[in-house]
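Down below is the structure, laid out as structure tokens.
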Amino acid sequence: MLDDDLTRRAAEATRALGLDRLATRLRVEWNPRLRTSAGRAWPGQDRIELNPAIARFGEDEVRRTLLHELAHLIARHRAGRRRIAPHGVEWRRACTELGIPGEAARHRLPLEPVRQRRRFAYHCPACGAVVRRARRLRTEAACLRCCRAHAGGRFDRRFRLIESTA
Ligand SMILES: [Zn+2]
Ligand SMILES: [Zn+2]
């Protein structure tokens, strides 16, 4: 999906660098099919794709990713037919001009704290120990501590974990 607002912002930043032709052609789109990358640049098509997931990380992250990808278009545009490294000096220079000096050469999404919800609780009928799991236990499980203490470490039904009702 084309984003008019981001396209306009990218065009303004590009025009400010005197690259009118690129400014009038470029467009910024959201691509929900991007998985691990925050964004992608398609210099041949003057197109930037952003992963909708970055919106969760706030306006700053969207802006930074947009400028990172725009720097790729600018570096490529200026290089013409000359070969350049994707994150080489030309790209770094464009980053500095766009206001993100020292930008990292990465495209991956920022890491989210993985908050695993442990919804299922079990307890040992012998010692009362409580075990929490994100998923329901599919096979019979026994209290490890009690099995070690009283059954030589082998599974013993006496210490079978019982699902607690939370
Ligand atoms: Zn990059
Ligand atoms: Zn136990």
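Every value quoted in this text rests on a predicted model; they were computed, and no experiment measured them. Each residue takes its place number in the sequence, starting with 1. In each ligand, atom 1 is the first atom listed, and ligand 1 is the first ligand listed.
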What is the SG(Cys143)-the Zn ion (ligand 2)-SG(Cys146) angle, to the nearest 10 degrees? 110°

Metal-centred angle, SG of Cys124 through the Zn ion (ligand 2) to SG of Cys127, rounded to 10 degrees: 110°

Strictly under 6.0 Å, is that where the ring centroids of His68 and Trp91 end up? yes

Can you list everything that forms a salt bridge (Lys or Arg N to Asp or Glu O under 4.0 Å) with Arg158? Sequence neighbours excluded, please. Asp156

We want to know whether His87 and Glu103 form a side-chain donor-acceptor pair, criterion being a heavy-atom distance below 3.5 angstrom. no

If the threshold is 4.0 Å, N to carboxylate O, is there a salt bridge linking Arg136 and Glu163? yes

Give a yes or no on whether a salt bridge exists between Glu12 and Arg15, defined as a side-chain N under 4.0 angstrom from a carboxylate O. no

Using a distance threshold of 2.8 Å, state whether an N, O or S atom of Cys147 lies below it from the Zn ion (ligand 2). no

Do any protein N, O or S atoms sit under 2.8 Å from the Zn ion (ligand 1), and which ones are they? His68 NE2, His72 NE2, His87 NE2, His107 NE2

Are the side chain of Asn51 and the backbone N or O of Arg35 linked by a donor-acceptor pair below 3.5 Å? yes

Of Val28, Ile100, Leu26, which is the lone residue that meets side-chain contact (heavy atoms from CB on, under 4.5 Å) with Leu70? Leu26

